[in-house]
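Presented below is the structure to which this report refers.
Keep in mind that the numbers below use all heavy atoms, side chains included, and drop hydrogens, waters and symmetry copies. A, B, ... follow the sequence lines: proteins, then strands. Residue 1 opens every chain.
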Amino acid sequence: MRRGPGRRHRAAGYNAASRLPPFPAVDMQEKYQPQDIERAAQTHWAETGAHRAHDDSDKPRYYCLSMFPYPSGKLHMGHVRNYTIGDVLARYHAMRGFNVMQPMGWDAFGLPAENAAIANGVPPAQWTYANIDHMRSQLKALGLAIDWDRELATCTPGYYRWEQWLFTRLFEKGVIYKKMATVNWDPVDQTVLANEQVIDGRGWRSGALVEKREIPMYFFRITQYADELLSGLDTLPGWPERVKTMQANWIGKSTGVRLAFKVPASDELLWVFTTRADTLMGVTFVAVAAEHPLATRAAENNPALAAFIAECKQGSVAEADMATMDKKGMDTGLKVLHPLTGEAVPVWVGNYVLMSYGEGAVMAVPAHDERDFGFAQKYGLPIKQVIAVEGEAFTTDAWAEWYGDKQRGACVNSGKYDGLGYEAAVNAIATDLEALGLGEKKTQFRLRDWGISRQRYWGCPIPIVHCDACGDVPVPADQLPVVLPEDVVPDGAGNPLNKRADFVNCACPKCGQPARRETDTMDTFVESSWYYARYACPDAGQMLDARANDWLPVDQYIGGIEHAILHLLYARFFHKLMRDEGLVASDEPFANLLTQGMVIAETFYREDASGKKTWFNPADVELCDGVHVCKADSQPVIHGGTEKMSKSKNNGVDPQALIDQYGADTARLFTMFAAPPEQSLEWSDAGVEGANRFLRRLWKTTYDHVQGGPVAAYAGGALSDAAKALRRQLHQTIQKVADDIERRKQFNTAIAANMELMNALGRLDGDDATTRAVRQEVLEGAVAMLAPIVPHISEALQAALKPGVAMAWPAVDEVALVQDELELVVQVNGKLRGQLRVPAAADKAAIEALALASEAVLKHTEGKPPKKVVVVPGRLVNIVV
RNA sequence: GCCCAGGUGGCGGAAUCGGUAGACGCAGCGGAUUCAAAAUCCGCCGCCGCAAGGUGUGGGGGUUCGAGUCCCCCCCUGGGCACCA
């Protein structure tokens with residue numbers, strides 16, 4: 001675990017008394033009544049400030065952060081899962097003596113508020129604040145150990161003013177710049193659409209065919225940090241490998257060659273980037289994006305080409321759409337000259353070539369690139385083999401895997417480069433190109449700069465003023481924040497801020513002349529890129545103060561795997577921006593990351609004539625004679641697959657009914673028991689009964705025990721074999737549960753181990769003092785081990801078992817763990833044939849002898865001598881005959 | 001299309017470093033208790049087989065004394081793909 005300088009101890013092994021004040025002792029009722037217990041416990045925590053994080057404390061710190069929610073209206077099971085995972089870790093560390101900070105806030109800007117406004121005519125601000133109030137009360141009902149004093153909402157000027165302040169600093173520094181970018185344009189609604197709002201190439205409300213349109217936008221120069229974002233992944237051992245892999249692939253560092261084709265009868269050069277310069281002699285055409293200047297020029301007196309280019313500009317800008325559409329192209333009639341051979345090469349326009357990636361042009365080598373191969377086949381373009389692999393035959397009829405294999409091949413049909421392998425060929429060709437001034441080796445990233453301008457109302461205003469004389473002028477710090485008016489109701493036709501004269505009209509901060517305020521707002525990923533730091537100092541009169549460094553980096557960050565790339569990459573990038581501004585001292589924001597698997601649920605919809613879909617909540621759908629129908633009107637609905645719970649697909653399952661019926665502890669226990677955190681979970685409430693049953697049994701067992709009068713936990717003395725075995729199980733369980741929570745982050749097995757422990761306790765008979773002392777020890781241990789998961793009932797049970805004593809994590813008694821005998825498995829030829837009890841101290845030879853003499857072995861070897869005997873200490877013996 | 005995960009009984013899942021597959025729980029079945037039911041308690045519960053035993057972790061192949069776990073190929077499901085958050 002990475003630590004700031006000298007401020008913290010290692011998490012493992014640190015075991016001090018809990019900071020939680022004891023719950024007042026009350027008369028224990030026979031029946032488990034979660035509502036009363038939970039209300040009392042939550043009141044007690046609030047009154048004693050039990051979950052407050054202390055900025056000045058000698059204890060080691062533990063900053064436990066769950067990704068803050070978008071206030072969509074009500075909690076769904078994905079939230080419950082996410083926040084319970086964080087709460088288990090927070091409470092566990094509090095029990096182990098850490099000064100824990102677990103804050104909560106609201107990712108409050110975003111598209112759904114505007115959609116709700118369009119649907120209901122309610123201003124996004126009003127809708128958002130009402131949702132926050134409701135969801136806050138739901139979170140409180142879950143009994144999370146949150147320090148509510150640090151709560152923040154990103155849509156408040158007190159928060160976003162600092163984002164605007166940093167924006168102006170970065171703009172002046174050149175980290176933020178302006179350029180043209182492509183967006184989805186709805187020609188009917190006259191508005192920019194999010195990718196989510198484009199369905200099958202049409203606008204979600206108008207049904208109009210979407211067009212690509214170029215507009216000016218502000219960009220963060222994230223590519224300047226590409227190398228550091230990549231190498232920084234190696235400094236994050238506490239991150240899941242899969243997330244690091246995804247980020248590395250996203251950044252996509254590749255080394256290749258940037259090279260140019262000459263445009264005849266001009267000084268112009270057509271640049272391309274390729275990682276396969278070794279195949280340069282196999283180029284049979286060049287493909288450029290529809291927006292490429294060369295294409296534009298060729299279309300000037302070529303109506304067919306102009307029409308094709310117009311067609312390319314239809315459809316969404318989403319990469320998934322670009323990559324799955326039919327590959328189409330058209331000859332421009334232009335030729336460019338091959339940099340090495342001088343041969344004329346035709347230039348095509350391809351709808352799959354992206355202007356925003358690389359040079360907006362690619363060299364095509366159909367023989368050795370699968371996409372080019374398909375394209376050449378379709379349009380009858382030549383395919384020229386320039387790589388050969390021994391023993392493999394090349395044919396232009398069908399693509400074969402090896403055509404694109406750069407490891408095995410060598411150049412052919414490539415003149416002086418024949419016989420060279422991949423690396424040698426790339427080097428030789430790059431050297432020759434360099435000598436001609438037509439190319440050089442280059443490192444390229446797949447990562448593109450981060451465009452943050454949004455043509456939307458409900459977001460953080462971009463603090464720029466447009467002045468005819470002075471250009472784009474950042475708003476000076478003393479004029480911040482640029483406050484977003486909150487009494488606006490968007491209507492779906494463009495950004496309503498454009499119509500607000502009181503917002504738009506202003507004076508230029510530089511020359512004082514009338515000027516126009518920028519009406520674009522920022523991508524909401526900007527707010528979520530630094531909130532984790534603001535929690536440390538939510539009341540600071542600046543963006544961040546020294547407290548941010550005391551708490552950062554976050555010790556444990558928890559959130560859905562769907563954020564593996566975008567949010568987590570942007571937050572890492574923003575942290576480095578803040579570091580370079582002197583606001584934070586660390587390089588990375590999150591030391592340890594737990595990526596929660598999605599809670600998924602079925603989706604159901606109906607489609608109207610225009611193709612518009614209406615989504616139905618699974619709770620309102622039932623299965624009738626094998627057909628899914630809406631309960632309200634008994635008419636069929638279409639099953640849309642199983643997807644992550646979301647507002648847009650209306651498949652969120654509200655936990656409220658669960659909490660009302662069984663209490664928060666049952667909801668928490670059930671959610672943690674259903675599956676390990678990292679695994680995706682298809683929602684079903686089958687089994688809730690079982691979780692509740694376990695809590696009732698735990699309650700009843702404790703009740704029966706305390707009725708016998710107070711007794712101290714076992715501290716020594718002679719024990720029956722049964723009591724000794726139970727104590728061994730208790731202390732094994734303590735070890736296991738600590739490991740499950742701390743290292744494995746797998747709570748379902750921690751719960752199962754406690755269930756087994758309680759089952760074993762139920763089998764221990766006797767009412768003598770020693771037996772009761774062991775029972776007390778086991779109950780104290782189980783209650784403490786379960787406390788992070790089911791905190792309310794644990795508080796009440798602890799108060800009954802040990803009145804007036806604060807809960808602490810139980811210590812492992814090493815002596816109780818010692819075993820005299822072990823049971824081994826006996827296999828013959830790898831098949832299980834019996835068990836064998838051996839002294840714990842027996843060596844391999846002794847075990848082998850015992851095994852060979854055992855009945856099971858004699859029976860299954862049929863007297864044949866063993867060829868080989870494998871002894872795995874503590875595990876098994878395998879006899880091979 | 002590309003990148004990343006996952007697939008184990010009727011169901012959720014366990015098996016942590018290649019070593020007893022199915023812990024724990026749900027559902028189901030049988031029994032106790034009850035006038036009856038709920039609740040509770042006890043027992044059974046992968047598949048085939050009377051049994052001995054065989055077989056079994058999405059499908060196919062491989063490595064190994066031994067594979068759910070490692071390697072190769074394929075299928076299916078989920079997440080992401082830069083304006084959902």
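At the heavy-atom level, A:W450 lies nowhere under 4.0 Å from the strands shown. Using a 4.0 Å heavy-atom cutoff across all strands shown, A:R446 reaches at least one base atom of the nucleic acid. Here A:F694 lies out of heavy-atom contact (under 4.0 Å) with every strand. Note on A:K831: only backbone sugar-phosphate atoms sit closer than 4.0 angstrom, heavy atoms only; bases stay farther off. Residue A:S648 is classed as having no contact, given no heavy-atom separation below 4.0 Å to the nucleic acid. Counting any heavy atom pair closer than 4.0 Å across all strands shown, A:L569 reaches no nucleic acid atom. A:V192 comes within 4.0 angstrom of a nucleotide base, judged by non-hydrogen atoms across all strands. Residue contacts shown for A:H563 include a base, since a base heavy atom lies under 4.0 Å away. Counting non-hydrogen atoms under 4.0 angstrom, A:L111 reaches the backbone sugars and phosphates but no base.
The aromatic rings of A:F525 and A:H567 sit parallel, their planes meeting at an angle under 30°, below the 60° perpendicular limit.
One finds a side-chain N or O of A:K859 lying less than 4.0 angstrom from the OP1 or OP2 phosphate oxygen of B:G53. At B:C4, none of the side-chain N or O atoms of A:K244 fall inside 4.0 Å of OP1 or OP2 (strictly under the cut-off).
In this structure, NZ of A:K649 is placed 15 Å from P of B:A85, rounded to the nearest angstrom. The CD-C1' distance, from A:E562 to B:C81, rounds to 14 Å in whole Å. When rounded to the nearest whole Å, the span between CG of A:L695 and P of B:U40 equals 13 Å. When the P atom of B:C81 is taken as reference, atom CG of A:N195 falls 9 Å away, rounded to whole Å.
Side-chain proximity of A:A194 to B:C84, B:A52, B:A82: nearest is B:C84. Between B:C65, B:G79, B:A85, one nucleotide has an atom nearer to the side chain of A:D107 than all others, and that is B:A85. Among the nucleotides B:C4, B:A85, B:G54, the one closest to the side chain of A:R242 is B:C4.
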(message) At under 4.0 Å between heavy atoms, how does the protein contact nucleotides 6-29 of chain B? Give one character per nucleotide, 5' to 3', with B, S or -.
(response) ------BSSSB--BB--BBSSS--

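A:E196 and A:K647 are not joined by a salt bridge, as no carboxylate oxygen comes within less than 4.0 angstrom of a charged side-chain nitrogen. The existence of a salt bridge linking A:D189 and A:R205 is confirmed by a sub-4.0 Å separation between a basic side-chain nitrogen and an acidic carboxylate oxygen.
Remark: B:U55 base-pairs with B:G46; criterion is Watson-Crick or G-U wobble with both hydrogen-bond distances under 3.5 Å. B:U40 and B:A32 make up a base pair, with Watson-Crick or G-U wobble contacts both under 3.5 Å. Pairing partner, B:C81: B:G1, with both Watson-Crick or wobble hydrogen-bond distances short of 3.5 Å.
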(request) Please test A:Y159 against A:W530 for ring-ring contact (aromatic ring centres under 6.0 Å, His included), starting from the C-alpha separation and ending with a verdict. (result) CA-CA 10 Å; A:Y159 182 81; A:W530 66 284; 4.2 Å; yes

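Screening A:D523, A:T521, A:T524, A:D520 against A:R454 for a side chain to side chain donor-acceptor pair (under 3.5 Å) leaves a single residue, A:D523.
Residue order along RNA chain B, read from the 5' end via each residue's closest nucleotide, puts A:T245 first among A:T245 and A:A320.
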